[in-house]
Amino acid sequence: MTFNISVKKKDAPLAMQLVFAPGTIRFVVGPNGSVKSSLMQLATKKGPPELITRVHAQRGVGLADDKVNLTPSVFKAQDAQTRNFDRADDSRFFDRKVEARLHELLFRLHNTEAERSRRYIDLVDSGEQQKAEAFRQANPPTLSRANRILRAATLACQVKNLSGEFTASHDACDWFSIRELSDGERAALLLICEVLLAHKSSLILVDDPERHLHRSISAPLLTSLFGERYDCAFLVSTHDVDLVLAMPSHSVMLMRDYDAHKQEWDYDEMVGGAALSDDAKRSMLGGRRKIVFTEGKAESLDLPIYGALFPNVPVRAGGTGTEVERAVRGLRATGNDHWLEAYGIVDLDQKNEDGVDLAALNTMGIYALPVHSVESLYYCKESRIAVATYKAKIENKDSSLLLEAAEPAAMANLADIDRKTNLTSYRAVSRMRAVLMKELPTRDDVKKSPGLSIGVTVTSPLADEISKFDYLIKTRQLDAIIQRYKIRESGARQEISRALLCRDNQEYEALVVHLLNEDNSFRDQLRSKFKELTAVLDALPSQKSSDEHS
């Protein structure tokens, strides 16, 4: 049967006809409040009640019983009431038949299996073995089909019916009541059975099919399920972009608004095969979900401080600076396959002196620290003042005296000849390596000159670095040293921590993160060091949770 639904479109002179022939799948997407459910409600009235199957968004998954407890006559009466209720206007937002639907579903599931067995036995008893075998192969048990779809969705549970009592197992050995399945497993099973048990040539209306289902399984489950009912037509309202992308050949209606007084919709329709636009994805999921990658591992200093500085955006450890850049570029290059917008924070090292175009990095979503490395943020002047102020209040001390003691202690440690050599030689080697990398030939260079040979002479800048370092020590510019050099190679961190009444640098660094979470003024001071990145992230709504959009 073909269903025709007349929909009045905003500013259109004539109503639009939505045609649902067998095999049609049309998705309805849009932000919350675009009244997708009103279109679903309209569709319930466009065919015989027995040929309209409605799967409500507010459907229940809790089972009070795992046994069939309806008689055929009671089921017939209840089923008619439920289908009539689905055509009522208030069923769009309230389902008074939640429990009744579950009992009716178990009855239909058991009755379908029993009827299949009766027909097969009748053919066998009549001596029509070939017809019986053909019937058996053409009509596999509903639960066998359901179990196959569960497996396709990587759900390990399997279900069987023993004389009207439904049980489940995860290993085909220990069987238990289907009531004890997880919410997601029950939701998947009930949705599958609802669709499989729909009458032939039905119009099946599915509202939020991904409800209770993890996103990793909803697309494969529903793709398999819809494929089982090619004889039916589907109208599916969803926020799951993966589900829509998994079936690109089907049409998508992007709902924008609904005028209840005029009973008209503002929508656009993308025909099957068209790429899902960013506008459609944004309506389904909101803005792209931002994510920030930082250098380091999960246990390094980077994650805690960046998580405190940017609390509304998820922060992930990305490894080395090169790996962070690859992650960001890779995600940005494959934006059509996901709904993330990636950013990266990498250590400055000496990128500015090495000729790295920091502005170009920014356009790719990669931002270099304004200081040498993350330790420079923990031990910068603003952080030292915040820790000293906090400790002074607790210990009844003068914060200015604590700070005055911290600076000479750190400078004395840094002035040690071995530490000076370590810090300056590390920076000198990095600078030399950068020069060498610039001189490496490209593939085009090698193609043009097969016998190409290169010779590079690099003069060590160590003397220059030592001269700069000595000057900074002499003029007591502690912050300039912290910003320029890899201070974790010195004992300055421990000296500052002890002078500010912390047991060690671990306590000091944990306290910095704590104060960033508690003190907005301190957080704003450090965030101001990331002007470009802060401006980008501050323009976004909170995206800490990955499942906010529903």
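- Legend: residues meeting side-chain contact (heavy atoms from CB on, under 4.5 Å) with Ile121, ordered by chain and number and at least two apart, are Asp125.
- Looking only at distances, a side-chain donor or acceptor of Ser126 sits under 3.5 Å from a matching main-chain atom of Asp122.
- Between Arg329 and Glu325, at least one side-chain N (NZ, or NE/NH1/NH2) sits under 4.0 Å from a carboxylate O, which counts as a salt bridge.
- In terms of modelled atom types and a separation under 3.5 Å, the side chain of Thr112 and the main chain of Arg108 share a donor-acceptor contact.
- If you check the side chains of Thr53 and Glu194, you find no donor sitting under 3.5 Å from an acceptor.
- Judged by distance alone, the side chain of Thr24 and the main-chain N or O of Ala233 form no donor-acceptor pair under 3.5 Å.
- Interatomic distance, Ile178 CD1 to Leu190 CG, rounded to the nearest 0.5 Å: 7.0 Å.
- Tyr343 and Tyr367 have tilted rings, their planes meeting at an angle from 30° to 60° on a 0 to 90° scale.
- With contacts defined as side-chain heavy-atom distances shorter than 4.5 Å, the pair Asn139/Tyr120 does not qualify.
- Considering only heavy atoms from C-beta on, Thr223 comes within 4.5 Å of Met247 through its side chain.
- Under a 3.5 Å cut-off, the side chain of Asp519 and the backbone N or O of Phe522 do form a donor-acceptor pair.
- Rounding to the nearest 0.5 Å gives a distance of 12.5 Å between CZ of Arg151 and CG of Leu221.
- Judged by the 6.0 Å and 45° rule, Arg101 forms no cation-pi pair with Phe85.
- Annotation: cation-pi geometry not satisfied between Lys67 and Phe166 (NZ/CZ under 6.0 angstrom from ring centroid, within 45° of ring axis).
- The pair Lys45-Asp89 meets the salt-bridge criterion, with a side-chain N (NZ, NE, NH1 or NH2) lying under 4.0 Å from an Asp/Glu carboxylate O.
- Taking the six-membered ring for Trp and the full ring otherwise, the centers of Phe226 and Phe234 sit less than 6.0 Å from each other.
- Looking only at atom types and distance, the side chain of Arg523 has a donor-acceptor partner in the side chain of Asn520 under 3.5 Å away.
- With Arg54 contributing its side chain and Leu205 its backbone, the two residues share no donor-acceptor pair below 3.5 Å.
- Residues Arg179 and Asp66 come closest through the heavy atom pair CD-N, 3.9 Å.
- Using modelled atom types, one side-chain atom of Asn517 and one backbone atom of Val513 make a donor-acceptor pair closer than 3.5 Å.
- Proximity of Leu222 to Leu191: side-chain heavy atoms (C-beta onward) are separated by under 4.5 Å at one or more points.
- A 4.5 Å side-chain heavy-atom check between Leu51 and Leu203 finds every atom pair outside the cut-off.
- Within 6.0 Å of NE2 in His214 there are 12 or fewer heavy atoms belonging to other residues, nucleotides or ligands.
- Although no hydrogens or angles enter the test, the distance criterion places a donor-acceptor pair under 3.5 Å between the side chain of Arg229 and the main chain of Val195.
- Around CD of Glu128, the count of heavy atoms belonging to other residues, nucleotides or ligands within 6.0 Å exceeds 12.
- Considering CG of Leu63 and OG of Ser177, their distance stands at 7.5 Å, rounded to 0.5 Å.
- Taking 4.0 Å as the cut-off between side-chain N and carboxylate O, Asp302 and Lys297 do not count as a salt-bridged pair.
- Between the CD atom of Glu295 and the CD1 atom of Ile345 there is a distance of 10.0 Å, given to the nearest 0.5 Å.
- Under 3.5 Å, the side chains of Ser73 and Thr71 contain a donor-acceptor pair of N or O atoms.
- For Thr534 (side chain) and Lys531 (main-chain N/O), no donor-acceptor pair under 3.5 Å exists by modelled atom type.
- Within 6.0 Å of CD on Glu99 lie no more than 12 heavy atoms contributed by other residues, nucleotides or ligands.
- No side-chain N or O of His103 forms a donor-acceptor pair with one of Asp65 less than 3.5 Å apart.
- When only modelled atom types and interatomic distance are considered, Ser218 and Asp240 share a side-chain donor-acceptor pair under 3.5 Å.
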* Asked: Hey, mind stepping through Arg116 and Glu113 against salt bridge (charged side-chain N to carboxylate O under 4.0 Å, His left out) and telling me if it holds?
  -> CA-CA 5 Å; Arg116 174 184 177 277; Glu113 297 287 287; 5.9 Å; no
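- With a 4.5 Å cut-off on side-chain heavy atoms, Ser237 and Val206 do not count as touching.
- Annotation: side chain of Glu228 is in contact with side chain of Arg148 (closest heavy-atom distance under 4.5 Å).
- Annotation: the span from Ser182 atom OG to Leu189 atom CG amounts to 10.5 Å, rounded to 0.5 Å.
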* To do: Evaluate side-chain hydrogen bond (donor to acceptor under 3.5 Å, both in side chains) for Asp208 paired with His56, printing each intermediate quantity in order.
  => CA-CA 8 Å; Asp208 283 350; His56 287 260; over 6 Å; no
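- Ring geometry for Trp265 versus Tyr258: interplanar angle of 30 to 60°, hence tilted.
- Summarising the geometry of Gly62 relative to Leu102, their closest heavy-atom pair is O-CD1, 3.0 Å, with the distance given to 0.1 Å.
- Side chain to side chain, Gln41 and Ser38 fail the donor-acceptor criterion of an N or O pair below 3.5 Å.
- Look at Asp183 and Arg186 and you find a salt bridge, because one of the NZ, NE, NH1 or NH2 atoms lies within 4.0 Å of a carboxylate O, short of that distance.
- Ser6 and Gln17 share a donor-acceptor pair across their side chains, judged by distance under 3.5 Å alone.
- At a threshold of 4.0 Å, the pair Lys10-Glu264 does not count as salt-bridged, since none of the basic side-chain nitrogens sits closer than that to a carboxylate oxygen.
- A salt bridge links Glu269 with Arg26: at least one charged nitrogen is closer than 4.0 Å to a carboxylate oxygen.
- When all heavy atoms are compared, the tightest approach of Thr294 to Val324 is O-CG2, 3.3 Å.
- Under the 4.5 Å side-chain criterion, counting only non-hydrogen atoms from C-beta, Val28 is not in contact with Val236.
- More than 12 heavy atoms of other residues, nucleotides or ligands shown are found within 6.0 angstrom of CD on Gln137.
- Note on Arg326 versus Glu323: no salt bridge recorded, every NZ/NE/NH1/NH2 to OD/OE distance being 4.0 Å or above.
- Under the 3.5 Å distance criterion, the side-chain polar atoms of Arg59 are matched with a main-chain donor or acceptor of Asp207.
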* Worked verdict on Phe107 versus Phe75 for ring-ring contact (aromatic ring centres under 6.0 Å, His included) -> CA-CA 7 Å; Phe107 177 88; Phe75 165 78; 4.5 Å; yes
* Quick one: do Asp11 and Lys9 satisfy salt bridge (charged side-chain N to carboxylate O under 4.0 Å, His left out)? Show the steps, please. => CA-CA 6 Å; Asp11 299 329; Lys9 185 176 182 181; over 6 Å; no
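- No side-chain donor-acceptor contact under 3.5 Å links His212 and Glu185.
- A salt bridge links Arg83 with Asp79: the closest approach of a Lys/Arg side-chain nitrogen to an acidic carboxylate oxygen falls below 4.0 angstrom.
- Taking CD of Glu532 as the reference point, atom CG of Leu361 lies at 11.5 Å (rounded to 0.5 Å).
- Between Asn161 and Leu109, every side-chain heavy-atom pair lies at or beyond the 4.5 Å cut-off.
- Between the Arg316 side chain and the Val292 main chain, no donor and acceptor come within less than 3.5 Å of each other.
- Between His250 and Phe27, the angle of the ring planes goes over 60°, which puts this pair in the perpendicular group of the 30/60° scheme.
- Cation-pi geometry between Lys160 and Trp175 is satisfied (NZ or CZ under 6.0 Å from the ring centre, within 45° of the ring normal).
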